[in-house]
Protein chains: 2
Amino acid sequence: MPTDTRLSRMLHVLIHMDQFGAPVTSEVISRMLETHPVVVRRTMAGLRDAGYVTSVKGHGGGWALARSLDGVTLRDIHEALGSPTVVAIGLAEDNPLCRIERAVHDALKDVIADAEQRLLARFGEVTLGALSRSVGAAVQPRCDGASRH
Amino acid sequence: MPTDTRLSRMLHVLIHMDQFGAPVTSEVISRMLETHPVVVRRTMAGLRDAGYVTSVKGHGGGWALARSLDGVTLRDIHEALGSPTVVAIGLAEDNPLCRIERAVHDALKDVIADAEQRLLARFGEVTLGALSRSVGAAVQPRCDGASRH
DNA sequence: ACCTCTCGTAACTTTGTATGTTGCGATAAT
DNA sequence: ATTATCGCAACATACAAAGTTACGAGAGGT
């Protein structure tokens, strides 16, 4: 499985938007993330539906924060992305008939669920506002890396 | 990514082998796991290389445990499978130039590493021997579910 | 009105990994 | 010799993330 980088990317762009203040186009964002504008729209759609950002069509349009990042946690963004799978290790069957397989599943399920819960709990403790302030003010709307293009 | 079911499958078959005692062919194992004999050989190859099982070619051959399951943990088997990715959430770049992206990565990396470490630590506490004994003796070499074929 | 910028979305392609399948060679018991 | 078995390469399938193309729909500038 290629690992899912959407959360990382969305956090990245949200903090840029927070620090920049003005609306940003998918085009500009795609350069920040080194990807394609359509990928940006597709991924940000979840954040828009969840009310974290707004999108405006047409000339002068683009993306903007819909609310302060202070109350928004990493977990909120993860959920806005559709709560994708956290742990890559899975069980062979949902409802095994075999006693041995059931025992194996019980043992694994516990540990996997625990790791997932712990990760999500910690995601729930970190706000994007705090993360943004921890970086220090950045004046640019774009990454340092954006100039590579 | 389809979630990785190899660990679950290998635990399942190892405990069957433990309780059955005699060598088992890939063909029989594949029916237990509802998969293909070649998949069994491919996956078990890692366990053989790590010394947990032996394989014997030719008529009357098959797979057998190379040692007691008492000292073998779930983590050992995970490592014998090549230590596949545990957490499906990943970082966008390895070495970001952007300060914001670096901050995001630092925040995520920590939590992801913690979840992974915790999961592996708990895998390291469970031995296959204990798991096998927790099931109670099963006389059959095959799953209850194997008769479905 | 027309043009251009922008998002929305469907459809398709690409990539990476686990999984499934086929074929053939090697080995060993009968 | 025949049969049962593993080893392995090669190819096919499934699935999700990511990348790309194409076109339609708004909205501002001229």
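Just so you know, these numbers use all the heavy atoms, side chains as well, and skip hydrogens, waters and symmetry mates. Note that the structure is predicted; figures quoted are calculated from it, not measured. In what follows, chains are A, B, ... by sequence order, proteins preceding strands, each numbered from 1.
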Measure from the side-chain heavy atoms of [X] and tell me the nearest of [options].
{"X": "V38(B)", "options": "dA18(D), dT19(C), dT21(C)", "result": "dT21(C)"}
{"X": "T35(A)", "options": "dA26(C), dA29(C), dG19(D)", "result": "dG19(D)"}
{"X": "S55(B)", "options": "dA17(D), dT3(D), dG7(D)", "result": "dG7(D)"}
{"X": "H59(B)", "options": "dT21(D), dA4(D), dC7(C)", "result": "dA4(D)"}
{"X": "D4(B)", "options": "dA25(D), dT19(C), dA18(D)", "result": "dT19(C)"}

ask   = Is any side-chain N or O of R9(B) under 3.5 Å from a base N or O of dT19(C), one able to act as donor and the other as acceptor?
value =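 Not at all, since no donor on one side and acceptor on the other fall under 3.5 Å apart.
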
message = Determine whether a donor-acceptor pair (one donor, one acceptor, N or O, separation below 3.5 Å) exists between the side chain of R42(B) and the base of dG20(C).
response =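 Counting by modelled atom types and ignoring angles, a donor-acceptor contact under 3.5 Å is found here.
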
Quick one: [X] [atom1] to [N] [atom2], roughly how many Å, whole number?
{"X": "I29(A)", "N": "dA18(D)", "atom1": "CD1", "atom2": "P", "answer": "16 Å"}
{"X": "L47(B)", "N": "dG7(D)", "atom1": "CG", "atom2": "P", "answer": "12 Å"}
{"X": "M44(B)", "N": "dT19(C)", "atom1": "CE", "atom2": "P", "answer": "15 Å"}
{"X": "R31(B)", "N": "dT5(D)", "atom1": "CZ", "atom2": "P", "answer": "10 Å"}
{"X": "H36(A)", "N": "dT20(D)", "atom1": "NE2", "atom2": "C1'", "answer": "5 Å"}
{"X": "D49(B)", "N": "dC8(D)", "atom1": "CG", "atom2": "C1'", "answer": "13 Å"}
{"X": "L7(B)", "N": "dT19(C)", "atom1": "CG", "atom2": "P", "answer": "11 Å"}
{"X": "E27(B)", "N": "dG7(D)", "atom1": "CD", "atom2": "C1'", "answer": "16 Å"}

So, does [X] use its side chain to make a donor-acceptor pair with the main chain of [Y] at under 3.5 Å?
{"X": "S68(A)", "Y": "D70(A)", "result": "yes"}
{"X": "T43(B)", "Y": "V39(B)", "result": "yes"}
{"X": "H105(B)", "Y": "E93(B)", "result": "yes"}

ask   = Do I112(A) and L120(A) belong together in a cluster built from hydrophobic side chains that touch within less than 4.5 Å?
value =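 Yes: a chain of side-chain contacts under 4.5 Å links I112(A) to L120(A).
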
N or O in side chain of [X] less than 4.0 angstrom from [N] OP1/OP2:
{"X": "R41(B)", "N": "dG7(D)", "value": "no"}
{"X": "T25(A)", "N": "dT6(C)", "value": "no"}
{"X": "T5(B)", "N": "dT19(C)", "value": "yes"}

message = Assess the residue pair W63(B) and S26(B) against the criterion (side chain to side chain donor-acceptor pair (under 3.5 Å)); give the C-alpha distance rounded to whole Å, side-chain angles, the decisive distance to 0.1 Å, and a yes or no.
response = CA-CA 7 Å; W63(B) 299 85; S26(B) 306; 2.8 Å; yes

Touch class at under 4.0 angstrom, heavy-atom based, for R6(B) against every strand present =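 R6(B): backbone/sugar contact only, no base atoms under 4.0 Å.
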
message = Go nucleotide by nucleotide along DNA chain D from the 5' end; which of P84(A) and W63(B) gets its closest nucleotide reached first?
response =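 Of the two residues, W63(B) wins.
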
query = Start at the 5' end of DNA chain D and walk down; is the nucleotide closest to V56(B) or to T43(A) reached first?
reply =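 So the residue in question is V56(B).
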
ask   = Which heavy-atom pair separates S8(A) from G90(B) by the least distance, and what is that distance?
value =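 So the minimum-distance heavy-atom pair works out to CB-O, 3.7 Å.
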
